[in-house]
J.: 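Questions regarding the structure given below will be posed in turn.
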Amino acid sequence: MSLPVRSLKELSKIKHWYGFKYLLNPEVHQAIFDKLRLEDTYRDTTKFKVLDLYPGPSQQSAIFYNRFKPQQYVLMESRADFLTQLKKEYSNSPIDVIEKDPYDWSSYVDLIDQSKKLQVEKQSLDHINDSFLTIGNLTNPAHEGLLMQWYSCIGNRNWLQRFGRVKMLLWVPTSSAVKLLARPGSISRSKCSVVREAFTETNLVALSDTEEVKLFDDSVITANNPIIISDTDIWQIRDKGISLLEINPTAHHIDLDNWEYVTKHLLILKGTPLIDALESLGHGAKDYFKDKITNQDLLNKSPNKLTNEEFIYLTDLFAKWPFKPDIFMDFVDIYQDDSF
Amino acid sequence: MLRPFTRSTCRVAAIQRRFISSKGSKLLKPATELHTSLASNQALAGVNGGLGFLKSSQVSMSPGFDPYDMSHASAVKSMTQSRDVMQLWSLLEACLYSKYMNRAFAILQSLYMVSSHRPYFIDDYNMYLASYVQNGFAHSIADLDRKLSTDLQEKFPACEYDDKTLAIMIHNALRSGESSDTVGNSIHTYLRMNMKGVKSIMSHVDILTVSDYKALLEEFDVIKVYEVPETVRSLVEKEVTQGATDTELVVESDHSISTEQEPTSASTESQLAESIKPRSALESTNSESWLSLDETVKPLEKDAAKLTAVDTLGMRVVRHTLLGLNLNEQQRQNIAQFHFKADENLLNLDQKKSIDFFEVYRSLKSDAERSEFEKSLDQFNQERQRALESRATDAAKERWKHDFEEARARGDISIEKRLNVKLWKWYNAMLPLLKEEVKFCSEVMSGKPPSRRLSSGEIKQNKTRQDYGAYLSLVDPEKMCVITILELLKLNSTGGVIEGMRTARAVIAVGKAIEMEFRSEQLLKSELQIFKDVNRKSHEFKKYVQRAKNSFRSIKIEESKVVWPQAARAKIGSIMISMLIHVAKVDLEGIDPVTKQKVHGEAPAFSHGYQYHNGSKLGVLKIHRSLIHQLNGERLVASVQPQLLPMLVKPRPWKSWNSGGYYYTQSSLIRSKDSPEQMAYLKAVSNAGAIDTVYQGLNVLGETAWTVNRRVFDVMSEVWNSGKDFLEIPGIQEKLDLLPAPPRESDPSVHREWKLKNKEIANKFSSNRSVRCDSNYKLEIARAFLGEKFYFPHNLDFRGRAYPLSPHFNHLGNDMSRGLLIFWKGKRLGPRGLKWLKVHLSNLFGFDKAPLADRIAYAEAHLKDVKRSAEDPLAGDGWWMKADKPWQALATCIEINEAYKLPNPEDFISHQPVHQDGTCNGLQHYAALGGDIEGATQVNLVPNDRPQDVYAHVAKLVQARLEAAAAKGDEQAETLKDKITRKVVKQTVMTNVYGVTYVGATFQIEKQLSHIFDDRTYSLELSKYLTKHVFAAVRELFHGAHLIQDWLGECAKRISKSIRLDVDEKSFKNGNKPDFMSSVIWTTPLGLPIVQPYREASKKQVTTNLQTVFISDPFSVNPVNARRQKAGFPPNFIHSLDASHMLLSAAACGEEGLDFASVHDSYWTHACDVDQMNSCLREQFIKLHEVDLIERLKNEFDERYKNYVQIAKIDKQSELAKKIIAIRSNLSVKLGKPATLADEIYMEKRRTQLLESEDPEEQEIGRNMETTVSVTELIDNLEELEVKKTGTTTLMILVPMRLPQIPPKGNFDVQDLRNSKYFFS
DNA sequence: CCGGTACCTACTGATATAAGTAATAGACAATAT
DNA sequence: GTATTGTCTACCGACAATATCAGTAGGTACTGG
């Protein structure tokens, strides 16, 4: 059976969007799925399960379902205005609507471990999980934090990523996509793009037609050849566009604690040559690294030009440093005044 | 309840009452005739107008001196200019002191270009010229004459010399060494050139030296004695009369240049000492009575016998006087051995011996002896105070050196381990580096071309040297190094950083400390300069010198207007810190993670890095772990800013806005938070002499002499040394143990939990450490002041509340600090005193809600406990520890116990301050303002048999409400109804005065309820419910108070949303909404102008050597923060009243000879004087509230914000709206463009200008002019027309700013409280 | 000799940073449509 | 000119984000008329 797909006109009546943006043109959705070639990965639809986070108006969900007919399709949504509509629409359908906030980690534990409404097969790390896909919309720039956390979950292999290398299709603000996809040497290079590089292969599938396109590195655009979405297909576009990312987790063997410390601190001084920037890693770091690193070119590079490989190299040196600082004391606790 | 008296009828009553009391008063109109403006406030001023309000409010009403008191554009311009001037000044000063005369001259030229500054330019030029002369750049008289004429005629033609310039010329002539004729002629010429008379030239004691005056009087005979300023006259006269026949000529070994002379040998010295006879009055009592002492006075440390007496003659006098007193043998010995040299006996910061002056003083029997003793002590302390403020950094250095050398001499293996040894090494490594840097700077500053080609980096470096170079050579490099090291150690674990500090704070702190050192040094140096020829050493004469010096310092301090800009401080600080980072190393030992072998190494002790907090970067300076351990155990008293310790002598009395407090450190009367606005008002009022009552009160607070309670100190010290936690002091903690990280693949929620827990642990750890560290400071300062007589200089916060200037250890501190402090002066208890002492004890135990008799009984019932506690505090059950305020309770126990040892306890000489606290002082003032009887009763304004307990009463009311609700079947009420205790509501009732919001109160109550209910969500829900009831109950009980509170809030809101007519278009940048610039300003009853400093912050990044730091720019013109203005005004107004009350009471008590101290709403004095103080403070409260302060406030507002307009919304369909639309379209036609709000305002401004014109014709035009504002003035019921909601049907219009009606006043008569026993108790 | 322009530097303002958003609910201000 | 989104949230003492880059203003050197 096919689910009804609501039109843009119908959906544009929705008042509260909670700061999220959705592509609302079925044809473009189809074009995107054409491009993604998900069929190649999820060959056996009888064991294909999909978790759709913040589906909102759920136009994409319906199209996806109609196209792939997965064995199970779960929507997780917490926002009242969307929920009432979803419950009404899918009460008698193969789609499961879960009234939980995707923000809460406990929602997933409930869904998968407690209530067992969704059973996911754990697969090995040598391939992309071919029975489970995560779709989500995190287009509210205010929730960028959640996006970044999901990324770090990939590195940790926890959350949904404990089931193997689970592909994710995420709609995100274009500004976030720019940051995530920045290559070494880019002006936007930052810790999150190193995270992306370390744990994933992320593709830019589609993006809305805004000025922000220019902010991507040319190589990103040429390599991904994303579908450009017209302004009119996305509700409330303003000047801030959205992008669709295809995230393919990769396997890694990184000493995460040290790696995080090193990347985080070095990228604060992202324009400072490494030889100077290194000193901020701790008491006497400059002297230590200077002796260890023979490659003078590396020392003259600034952190924003480093590849993840180079960060890993530095991390390794750092880990071997006898006088390295306590990386777990790396926080400030802001003054809190509680008399009474 | 029926409230028969409205506010206006009440006012009539008040005025009539005044009529009776102030007979012959002329200006007494019936209340109904009172119109707005100050005229009516003159009438309202009444008795308490004399306090300062009247004069002050008139002064502060005249516009022009306040930056916000002008149009926006000119405000911005003037602020920018004052910022420039301030920067230039501080640079000029720095250059002059560093002798970069060329650079200084260039700066002078820049200053000359700042037009608004032109009238004051001559001061700057004089400063330059004086320095030019002082530093010997003027080679002859003619030379300087030439310079002056070129400068003033060619370089600065618009600038004219003044009498100070002439004084400089005269000084130069006198020191030129040219022939007497030449000098004489020149002087004649200069004197003839005077602008305001010879006396005016002579008044510059900061230029002319004592010998100058002498020469002018004697050698040249060109001035008369009366032309010499009074402060130095006695010096000069003495010199003249005593002349060369004086045999007592001794070269003073001056303390800051003491290296020049070797002290005289001990033997001659004692002979000299012998030759000075003690006062004869004392001699007579001398022989009989040294047995009268009860106990032997222990010296603090016995040792140092090897020290030979090398004190100066003046101090020998002191010693001699002391020896002339009735002392026991031990005391005599101590004094005889004591090293009366001020700068070697700063305080017992070290383990050196010293005398317990307090013990000596206390053991004296007669008043005559005591006063003689104090005179000597004060004199000694004068010297010590100076040494303390100026030499303490050297002392720290000496100690490091000493430790280092000692360790080396002993061949100590663990030498590297000792902290001071390390510090000494760092210091020695840093010094050459700094000296080199100073050299580079002086090359750059003197404009010398570089000797070789510089790399681009070096060029850049030299550029930045231009910024800080001038400041770097001001203070002795050695001192700067010491300061840097001390500051960084002091800041350990501050700012939430675990093993380090925030860089921003560090750089500023170092910069500030260096500046402070510079100020002190500068004062000392110039003082030496002026007094260097004064070397006659008679006892009498020294006093004159002292007096002259003091007044000289005041002049100097008042004159100095320069502070280093924050950015400059940061830059200097960063330079110093980077140098220290570079050289300071620690030795390390660690395990190589790969080879698992032990490795040794060396690493910087400090490391600069960053940490993130909520995504924001934070620059941090980490201190190496290995140091942290040492710092924990160290006594860091040396790093307390020596300039800010309690004073050994009476503080300099407050005489003007910037003169008072310490002797070598400038402090401002008001701690304004970068608010030039309030400063402007303050200066105006201060110069007009309108706030003398404030000074008076403040000086009383400063003159209260304190000493450390040795018995309590000993107990504390014992507890401290055990390292265990005790009462509020946390124990020593070894190291921070964080929880191990969970495995990466565990659920994110687990990670989160772990992080939270660790944060909590770290938080707990650092808060414990900071409390322990703070306690350490307190104890160490107390130790240093054991047996000393000391004072706390005070200043005010922006609302007028008084605080001691010295941090860490003062009577505003916690129970521990308070327990350590007693009055220096003792007073016999007497019958009343004994009773009050008991009441005090009872209060400290929290038993303060009962009638006085019961409290006395309580104490008496516990006399056995008291005895046990006092005699062996740390043994037994430690009864005193159960008190609310245990340390103070212990102190009181000790006194009571001692008293009862006497045959008649009333004979006991008591030093313990006894407190009288207002019950909910804020509410007391509210109740007095609102006149509601029920509220007044609850806070004990109304006489009663027993004290009322507001919190219990509110709890009762809430309980009643809950019962009622429960009866109606409300479940939540049912659950809560028997759980309402005093404690649940206390915080909310208290904070209610501060305007706590519903949300805030909910959390407070939830905190209490969480003790009762386990389920957090449930208790949160209940607390939401309960809060509503508590709010309602408080509102009901203090109905009048709340009306006032609301009224104040509404006024503040309207004021901060009002628009001056002379705003300009720039402030309309965002559409039709201008930036609101007016903050709430009022005058306290004492005449202190208060300006709420809440404006939008504008901070900027400043580049320093280490990183950029984020610093607020005090000279930016920012719109007000209306929210904070509104929320802050009610509490601030009330606090300005309680501050007034306190200062009035202080002044009154001071006049009656009482010792007085206060913690805002808690007033302290000797037990025997409590009754007297009580009557004073009641009288002052009545005096304060006799006038309708609210009405007076409104009048002041009406006057100050006259002609301001505000934005209102009315219905578009109304007649008025149509009229306004018509005027607007007219205006648009005339302008040829759509009229904006700015245009309307301009139009209205034009109208008011016309109306206020002198020309009757213009006035007529003004009257006929119709503006969008003028039409609203015709409408009476404007408020009714206003619409709340915005919508298509509303119209935004301008209306004159109007304040709401004053709420009606209840009929409580403040006179009644005269008989209220529990008003303060 | 003058003005114009290219080029450089200094300064200002904007933006990103990390990565649970601690609890809660209602007013008020700011921003975008 | 309105609708939505964002920001607070008890006063004072009190104590603070920073690196980098784009854009612009201002100054200087050079060149052409």
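Letters go in sequence order (proteins before strands), and every chain restarts at 1.
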J.: Counting only Watson-Crick or G-U wobble pairs whose two distances fall under 3.5 Å, which nucleotide matches C:dA19?
T.: none
J.: Roughly, in whole Å, what's the span from NZ in B:Lys1024 to C1' in C:dG26?
T.: 12 Å
J.: Once you round it to whole Å, what is the distance between P of C:dG20 and CG of A:Asn158?
T.: 11 Å
J.: Verify, without hydrogens or angle tests, whether B:Arg1095 (side chain) and B:Asn1118 (backbone) share a donor-acceptor contact under 3.5 angstrom.
T.: yes
J.: State the CG-CD distance between B:Asn1121 and B:Glu1096, to the nearest 0.5 angstrom.
T.: 4.5 Å
J.: Using the C1' atom as the point on both nucleotides, what is the distance between D:dT7 and C:dT21, in whole Å?
T.: 14 Å
J.: Kindly say whether, by distance alone, the side chain of B:Gln1004 makes a donor-acceptor pair under 3.5 Å with the base of D:dA10?
T.: yes
J.: What contact category does B:Tyr1094 fall into here, base, sugar-phosphate, or nothing, at under 4.0 angstrom with non-hydrogen atoms?
T.: sugar-phosphate
J.: Taking OP1 and OP2 of D:dA17, is either one under 4.0 Å from a side-chain nitrogen or oxygen of B:Lys1099?
T.: yes
J.: Considering every strand and a 4.0 Å limit on heavy-atom distances, what is the contact class for A:Tyr151: base, sugar-phosphate, or nothing?
T.: nothing
J.: So what does B:Gly1000 touch, heavy atoms closer than 4.0 Å: a base, only the sugar-phosphate, or nothing?
T.: sugar-phosphate
J.: May I ask you to say what A:Leu146 touches in the nucleic acid, namely base, sugar-phosphate or nothing, with a heavy-atom cut-off under 4.0 Å?
T.: base
J.: Hey, does A:His143 reach any base, or is it just sugar-phosphate, or nothing, if we go heavy atoms under 4.0 Å?
T.: base
J.: What is the nucleic acid contact for A:Asp104, judged by heavy atoms within less than 4.0 Å: base, sugar-phosphate only, or nothing?
T.: base
J.: Under 4.0 Å, counting only non-hydrogen atoms across every strand here, what does B:Arg801 touch: a base, just sugar-phosphate, or nothing?
T.: nothing
J.: Grab the NZ-P distance between B:Lys1100 and D:dA17 for me, whole Å please.
T.: 16 Å
J.: Could you please name the option among C:dT17, D:dC11, D:dA16 that lies closest to any side-chain atom of B:Arg1124?
T.: D:dC11
J.: Please classify the nucleic acid contact of B:Leu618 as base, sugar-phosphate, or nothing, using heavy-atom distances under 4.0 Å.
T.: sugar-phosphate
J.: Counting the atoms with a prime plus P, OP1 and OP2 as sugar-phosphate, which does A:Thr272 contact under 4.0 Å by heavy atoms, base, sugar-phosphate, or nothing?
T.: sugar-phosphate
J.: For B:Lys1126, answer base if it contacts any base atom (sugar-phosphate contacts may also be present), sugar-phosphate if it contacts only those atoms, and nothing otherwise; contact means non-hydrogen atoms under 4.0 Å.
T.: nothing
J.: Would B:Tyr998 pass as stacked on C:dG26, i.e. its ring centre under 5.5 Å from the base's six-membered ring centre and planes under 30° apart?
T.: no
J.: When the P atoms of C:dA16 and D:dC15 are considered, how many whole Å apart are they?
T.: 30 Å
J.: So B:Thr1108, base contact, sugar-phosphate only, or nothing? Heavy-atom distance under 4.0 Å.
T.: sugar-phosphate
J.: When all nucleic acid strands are considered with a 4.0 Å heavy-atom cut-off, which category describes A:Tyr103: base, sugar-phosphate, or nothing?
T.: base
J.: I need the OH-C1' distance between A:Tyr261 and C:dT17, as an integer number of Å.
T.: 17 Å
J.: Out of curiosity, A:Phe331 CZ to B:Lys755 NZ, how far, rounded to the nearest 0.5 Å?
T.: 10.0 Å
J.: Please report the distance separating the P of C:dA22 from the corresponding atom of D:dG6, rounded so that it comes out in whole Å.
T.: 16 Å
J.: Looking across every strand, which nucleic acid part, if any, lies under 4.0 Å from B:Asn614 by heavy atom: base, sugar-phosphate, or nothing?
T.: base
J.: Is there a Watson-Crick or G-U wobble partner for C:dT24 with both distances under 3.5 Å, and if so, which one is it?
T.: none
J.: Find which nucleotide of DNA chain D each of B:Val996 and A:Lys270 is nearest to by heavy atoms, and output the residue with the more 5' nucleotide.
T.: B:Val996
J.: Can you tell me, in whole Å, how much space there is between the P of C:dA6 and that of D:dG33?
T.: 14 Å
J.: On the side chain of B:Arg1123, is there an atom forming a donor-acceptor pair with the base of D:dC8 - under 3.5 Å, no angle test?
T.: yes
J.: Indicate yes or no for a side-chain donor-acceptor contact from B:Thr494 to the backbone of B:Leu491 under 3.5 Å, with no hydrogens or angles considered.
T.: yes
J.: Is B:Gln1101 side chain donor-acceptor paired with the D:dA19 base, going by distance under 3.5 Å alone?
T.: yes
J.: In the structure shown, which nucleotide is the Watson-Crick or G-U wobble counterpart of D:dA16, with both distances under 3.5 Å?
T.: none
J.: Could a donor-acceptor pair under 3.5 angstrom be found where the side chain of B:Glu1006 meets the base of C:dA23?
T.: no
J.: Return the CG to CE distance between B:Leu621 and B:Met501, rounded to the nearest 0.5 Å.
T.: 5.0 Å
J.: For B:Lys759, look at atom NZ and say whether over 12 heavy atoms of other residues, nucleotides or ligands are found less than 6.0 Å away.
T.: no
J.: Which nucleotide, if any, forms a Watson-Crick or G-U wobble pair with D:dG23, using both distances under 3.5 Å?
T.: C:dC11
J.: Both B:Ala1001 and B:Arg671 contact DNA chain D. Which one's nearest nucleotide lies toward the 5' end?
T.: B:Ala1001
J.: Under 6.0 Å from the NZ atom of B:Lys512, do we count more than 12 heavy atoms belonging to anything else shown?
T.: no
J.: B:Arg801 and side chain to side chain donor-acceptor pair (under 3.5 Å): which single residue from B:Asn1132, B:Asp1138, B:Asp1161 fits?
T.: B:Asp1138
J.: Tell me: NZ of A:Lys21 to C1' of D:dT5, nearest whole Å?
T.: 13 Å
J.: Need the pair for D:dA29. Rule: Watson-Crick or G-U wobble, both distances under 3.5 Å, any strand; none if unpaired.
T.: C:dT5
J.: With P as the reference atom in both, quote the distance from D:dC8 to D:dA17 in angstrom, rounded to an integer.
T.: 14 Å
J.: Should B:Thr1027 and B:Ile1005 count as side-chain neighbours, where that means a heavy-atom distance under 4.5 Å?
T.: yes
J.: For the P atoms, the ones on C:dA27 and on C:dC11, what distance do you get once it is rounded to whole angstrom?
T.: 48 Å
J.: Between C:dA18 and D:dT20, how far apart are the two P atoms, rounded to whole Å?
T.: 13 Å
J.: Searching all strands shown, indicate the nucleotide that pairs with D:dG1 (Watson-Crick or G-U wobble; both distances under 3.5 Å).
T.: none
J.: Expressed as a whole number of angstroms, how long is the span from B:Ile1005:CD1 to C:dA23:C1'?
T.: 15 Å
J.: Calculate the interatomic distance between A:Met148 atom CE and C:dA16 atom P; express it in whole Å.
T.: 11 Å
J.: For D:dA10 and B:Thr997 - does any side-chain N or O of the residue sit under 4.0 Å from the phosphate oxygens OP1/OP2?
T.: yes
J.: If you look at every strand shown and take non-hydrogen atoms under 4.0 Å, does B:Val1109 touch a base, only sugar-phosphate, or nothing?
T.: sugar-phosphate
J.: What about A:Glu144: does its side chain form a donor-acceptor pair under 3.5 Å with the base of C:dA19?
T.: yes
J.: Which value, in whole Å, describes the distance between the C1' atoms of nucleotides D:dC30 and C:dC2?
T.: 13 Å
J.: Which whole-number value in Å describes the distance from B:Tyr610 OH to C:dA18 P?
T.: 14 Å
